[in-house]
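What follows is one structure encoded as structure tokens, with my remarks underneath.
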Amino acid sequence: MSYDIPSISELEAIQLLNKHYAEVITSKKNGIASGLDITQTTNPITGVVRRTLYKILDDMDDTFLERILKMAFTPVGTFTSGATLTDARQTLLWEVSEGGDGHEYGWTGSFLPSGKVVTAGSTPASSGGIGAGAWVDRTDDRLRSDLLSQFGYKFIPSVTRILSVVPVEQFRDGVRTDTQIIQSANDYAKLNKCDLLFEGGITYTVTSVTATCKWKGCGTIKREPGTTGDLIIVGEGGSIFDINVDGSADTLTSSPNTILVTSNSRFDVIGVNVYNAPGQAISVLNTPVTFDPSRIEGCTVSGAEFASNQASKGSGIYLYNALNVQVTKNSISKKSNGILAQGNKRNVARLTFSENTIHQNFDSGLSLTLISEAADHQAYERIIISKNSVFSNGGTGIAVQCDLAIVTGNVITGNGSHAYHQGILVNANGVSVSSNVVTDNAGVGIDFGDCRKCSALGNHVEGNGWIGIEVNSCEQINVVGNIINRNLRGKTPADMQAAILVHSGEGGYPFLGLCKDISISANSIGDGEGQQYAILVADQDCINISITGNNCKNVAFLDDIVSRSSDVICTGNYTRWDAFGSARYTLPPACLYAIFRYIIP
């Protein structure tokens, strides 16, 4: 066939064809909503006339439309039992055990006056015959209907394999328990390198199951009441995404794990919602270093209203000898501890804790603890703690008992109920604490105890119930550029109460050793409710102390700067002034070098 094609540009031809096809689809002139209704349109290039979509549908005969409507069929019984059919979408099964072919049959004849009545013991042949206007085999039509249903995937397993997804429901057979169903589905998915799908709205009640492939979906896994095993074990190759997990704590008096990770390779626990967990909600034990980090991300963990409830026991996230794990963007509340990391050996861990919201837990917020407090051995090193929001927890906000850590950009507020509950506690070496907002905690804002080579830089420390920044029995510590205001909240002035306190064990935890090589500079210090001094070097065991360039004028009940050590350089600070032209500080007589270097404002 040849066409008389007008001599027009390629662009003009494309524009004309676009308008033509728009008319076919919309059934409107020029393909626009305001155009006239049309039933046909001519191709401007070929001259071929086409019906519009509206016309095509309108021309469909009743028989065709009726077939479409009848694709959804409903079985109502068997020929053996008998039944009354009221419309063409209902079917009867001709059972194989009764000599039939195992197919579903629908009635296409009349339903007057009161439906198609099929007496018990009938067959298609004895109750009207098979053919047009009688019984019609609907098996193929029924299959189409089933395929279009919510669980149509069950009829074409190859589709789910192509999509690399195996639905757990595909393994439900009415015989096996939910525990057996999930484990069988997991094993099949792992063998075929597929993900395992838990569909929303379905709850699986199990004793204990093990994930060795990727689990995902919005379904719920619930502990069988009274069972005490670890609920979900994430083993080699396992990960969990977006599943709801109910630990059934209200049925237990013990504290098993709800999700336990024991994998020897990297893993993901992402978007999981864990509630009613009787012990640790998410535990990671003895995982190795991996090239790519494992992730616990975007999870929600919630306990119970009271500390005595079983659902409040344990930690939201618990790590033990865990390596190279990123713990990010999780929300943890109303457990004993928010996030707790421990170990029994030294781990070069590469752990990251960032953007977590840790609140209203009954003890600490985020803690990395010592192997042994008596031996002063750290379990972890090389840790990053950043941009977390830690508030309204019952104990210390952030405890850093791990070496070579960065603590930065966190908001730590309203934690603790006693003076020994700090905003940030550091008992380690090589820790940088910077750019944190530390406010309204019950105890010390930032507490360095028995530390080496640490720094507090650019933090905002305000409204805490005890010292602003405390340096206790430490070496090589820099306290630089911090803003410290209105601490010692609710206290009356007394000795050892200062915005910045440097000492070697007196008045607090009795760490052994000197406090030496301490630099305190460029801090801006405001007043405090029970603030006897702005800066206090409390004893002779503090040596090599430099106090320079601090702004602390008239902010203490007694002297602004006091040193009871003679080994101090104190210069360039801005303090109050009196009529005798002397800055308000107290230094021992042997500290002449400091006096000569001091600049009176």
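The chain is numbered in sequence order, starting from 1. Bear in mind the structure is a predicted one, so any value in this text is a computation, not a measurement.
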What's the verdict on side-chain hydrogen bond (donor to acceptor under 3.5 Å, both in side chains) for Q476 and D517, showing C-alpha distance, side-chain angles and the deciding distance? CA-CA 5 Å; Q476 288 186 275; D517 303 332; 5.7 Å; no

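- For residues 394-417, the pairs satisfying salt bridge (charged side-chain N to carboxylate O under 4.0 Å, His left out) are R346-D403, with sequence neighbours left out.
- Taking the ring-ring contact (aromatic ring centres under 6.0 Å, His included) definition, one finds that H460 meets it with nothing, sequence neighbours left out.
- Between the side chain of R176 and the backbone N or O of S184, no donor-acceptor pair lies under 3.5 Å.
- Taking 4.5 Å as the limit, every side-chain heavy atom of Q326 sits out of range of all side-chain heavy atoms of S294.
- The one candidate from N487, T413, T439 that meets the side chain to side chain donor-acceptor pair (under 3.5 Å) condition with N464 is N487.
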Run the side-chain hydrogen bond (donor to acceptor under 3.5 Å, both in side chains) test on N388 and N410 for me, step by step, so that the C-alpha distance in whole Å, both residues' side-chain angles and the decisive distance to 0.1 Å come before the verdict. CA-CA 5 Å; N388 299 284; N410 302 283; 3.0 Å; yes

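- Side-chain contact of R295 with T328: a donor-acceptor pair under 3.5 Å is absent, judged by distance alone.
- With a 4.5 Å cut-off on side-chain heavy atoms, C213 and N186 count as touching.
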Derivation of the side-chain contact (heavy atoms from CB on, under 4.5 Å) call for I406 and I383: CA-CA 6 Å; I406 295 173; I383 308 298; over 6 Å; no

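- Residues T408 and S434 bring a donor and an acceptor atom of their side chains to less than 3.5 Å of each other.
- Counting all heavy atoms, side chain and backbone alike, T258 lies closest to A277 at OG1-CB, 3.1 Å.
- Side chain of S248 to backbone of R223: a donor-acceptor contact under 3.5 angstrom is found.
- For Y380, the side-chain hydrogen bond (donor to acceptor under 3.5 Å, both in side chains) criterion is met by no residue, not counting sequence neighbours.
- Between D178 and R172, at least one side-chain nitrogen of the basic residue sits less than 4.0 Å from a carboxylate oxygen of the acidic one, meeting the salt-bridge criterion.
- Evaluation of the ring-ring contact (aromatic ring centres under 6.0 Å, His included) rule for F198 yields Y204, W215 as partners, not counting sequence neighbours.
- N551 and S524 share no side-chain donor-acceptor pair at under 3.5 Å.
- Neither side chain, D363 nor N393, offers a donor N or O lying under 3.5 Å from an acceptor on the other.
- Among all heavy-atom pairs drawn from V327 and L319, the shortest one is CG2-CD1, 4.3 Å.
- Contact of the I469 side chain with the N482 side chain is registered, since non-hydrogen atoms from C-beta on lie closer than 4.5 Å.
- Considering SG of C299 and CZ of F241, their distance stands at 10.0 Å, rounded to 0.5 Å.
- N330 and I296 get closest at one heavy-atom pair: ND2-O, 3.0 Å.
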Using side-chain contact (heavy atoms from CB on, under 4.5 Å), reason through S519 and N478 one step at a time and then give a plain yes or no. CA-CA 5 Å; S519 296; N478 288 340; 3.3 Å; yes

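- In terms of modelled atom types and a separation under 3.5 Å, the side chain of Q532 and the main chain of Q497 share no donor-acceptor contact.
- Every residue meeting the side-chain hydrogen bond (donor to acceptor under 3.5 Å, both in side chains) condition with S255, not counting sequence neighbours, appears here in chain and number order: Q310.
- A salt bridge links E305 with K334: the distance from a Lys NZ or Arg NE/NH1/NH2 to an Asp or Glu carboxylate oxygen falls below 4.0 Å.
- Each of V269, V245, I282, T210 was compared with I232 under the side-chain contact (heavy atoms from CB on, under 4.5 Å) criterion, and only V245 meets it.
- For R452 and D450, the salt-bridge test passes: some basic side-chain N is under 4.0 Å from an acidic carboxylate O.
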Run the numbers on I545 and I547 for side-chain contact (heavy atoms from CB on, under 4.5 Å), then give the verdict. CA-CA 7 Å; I545 311 297; I547 305 172; 4.1 Å; yes

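- Smallest separation of non-hydrogen atoms from I467 and M496: CD1-O, 3.4 Å.
- Here the OG-OH distance, from S283 to Y320, works out to 12.5 Å after rounding to the nearest 0.5 Å.
- In this view, S367 and S364 satisfy the side-chain hydrogen bond (donor to acceptor under 3.5 Å, both in side chains) rule, not counting sequence neighbours.
- In K222, the NZ atom is not crowded: 12 or fewer heavy atoms of neighbouring residues, nucleotides or ligands sit closer than 6.0 Å.
- Judged as a ring-ring contact (aromatic ring centres under 6.0 Å, His included), and not counting sequence neighbours, the contacts of F391 are H359.
- The environment of R486 atom CZ is sparse: at most 12 non-hydrogen atoms of other residues, nucleotides or ligands sit within 6.0 angstrom.
- When every heavy atom of A534 is checked against every heavy atom of V555, the shortest pair comes out as CB-CG2, 3.6 Å.
- Every residue was checked against the ring-ring contact (aromatic ring centres under 6.0 Å, His included) condition with Y318, not counting sequence neighbours, and none meets it.
- Residue pairs that meet the ring-ring contact (aromatic ring centres under 6.0 Å, His included) test with at least one member in residues 393-416, sequence neighbours left out, do not exist here.
- The backbone N or O of F362 sits nowhere less than 3.5 Å from a side-chain atom of K335 that would complete a donor-acceptor pair.
- Using modelled atom types, one side-chain atom of N523 and one backbone atom of S521 make a donor-acceptor pair closer than 3.5 Å.
- In this structure, K190 does not pair ionically with D187, as no charged nitrogen and carboxylate oxygen lie closer than 4.0 Å.
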Check the pair N472, F448 against side-chain contact (heavy atoms from CB on, under 4.5 Å), reporting the backbone distance first and the verdict last. CA-CA 6 Å; N472 180 359; F448 293 95; over 6 Å; no

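- The two atoms that bring G338 and I358 nearest to each other are CA-CG2, 3.8 Å, heavy atoms only.
- To the nearest 0.5 Å, the span separating NE2 on H503 from OG on S565 amounts to 14.0 Å.
- With sequence neighbours left out, the side-chain hydrogen bond (donor to acceptor under 3.5 Å, both in side chains) criterion links R266 to D268.
- Two residues are said to be in side-chain contact when any heavy atoms from C-beta on lie closer than 4.5 Å; L536 and R564 meet this criterion.
- Applying the ring-ring contact (aromatic ring centres under 6.0 Å, His included) definition to pairs two or more places apart or across chains, none involves residues 253-288.
- Within the structure, every pair that satisfies the side chain to side chain donor-acceptor pair (under 3.5 Å) test and touches residues 227-239, not counting sequence neighbours, is listed here: D230-N257, E236-S265.
- Between the side chain of N356 and the backbone N or O of S331, no donor-acceptor pair lies under 3.5 Å.
- Here the CD1-OG1 distance, from I332 to T300, works out to 9.5 Å after rounding to the nearest 0.5 Å.
- For D539 (side chain) and D541 (main-chain N/O), a donor-acceptor pair under 3.5 Å exists by modelled atom type.
- Q360 and S392 share no side-chain donor-acceptor pair at under 3.5 Å.
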